[in-house]
Amino acid sequence: MNTEPNTLRLVPVITPHGRLTIAAAWDAPELPTELGERLRRAFAESSGAGLLQLGGAEIGLPMPPAFAYWRELGARYVTA
């Protein structure tokens, strides 16, 4: 449940098939709605699109550690 109407609670997850995606979780840290929606759209397209969104477009934004980890991985991919 969101404590504020302008936040989402999302967490990155790896499926049993090895696909990185995001999911809603009541105990996840809050994300601003705009950021959460951008990530939802990107990860709905593919894991790669989600990583590119994190590592290419969301650099410099404060994020929970789990997203920061994947953002760093995406940023390394973008710069390589």
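Applying the side chain to side chain donor-acceptor pair (under 3.5 Å) test to every pair with at least one member in residues 10-25, sequence neighbours left out, gives no pairs at all.
For the salt bridge (Lys or Arg N to Asp or Glu O under 4.0 Å) test, no residue two or more places apart in sequence or in another chain qualifies with R71. Scanning for side-chain contact (heavy atoms from CB on, under 4.5 Å) contacts around P32 gives E34, L35, with sequence neighbours left out. With sequence neighbours excluded, no residue satisfies salt bridge (Lys or Arg N to Asp or Glu O under 4.0 Å) with E45.
Grouping the Ile, Leu, Val, Met, Phe, Trp and Tyr side chains by contacts below 4.5 angstrom, directly or via other members, places I14 with F67.
Across all their heavy atoms, A49 and A42 have their closest contact at CB-O, 3.4 Å. Here the closest heavy-atom approach between residue L20 and residue W70 is recorded as CD2-CE3, 3.6 Å. Heavy atoms only, all atoms of each residue included: L10 and A28 are closest at O-CB, 3.4 Å.
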Pairs of donor and acceptor atoms involving the side chains of residues 50-61, under 3.5 Å and at least two apart or interchain, shall be tabulated with distances.
| residue | atom | partner | partner atom | Å |
| --- | --- | --- | --- | --- |
| Q53 | NE2 | E58 | OE2 | 2.5 |
| E58 | OE1 | R38 | NH2 | 3.0 |
| E58 | OE2 | R38 | NE | 2.8 |

Side-chain polar contacts of residues 73-80 - donor-acceptor pairs under 3.5 angstrom, sequence neighbours left out - could you list them?
| residue | atom | partner | partner atom | Å |
| --- | --- | --- | --- | --- |
| R76 | NE | E72 | OE2 | 3.3 |
| T79 | OG1 | A75 | O | 3.1 |
| T79 | OG1 | R76 | O | 3.2 |

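Separation of atoms CG (L39) and CD1 (I22) is listed at 5.0 Å; rounding is to 0.5 Å.
Proximity of a side-chain donor or acceptor of T7 to a complementary backbone N or O of L31 within less than 3.5 Å is not detected.
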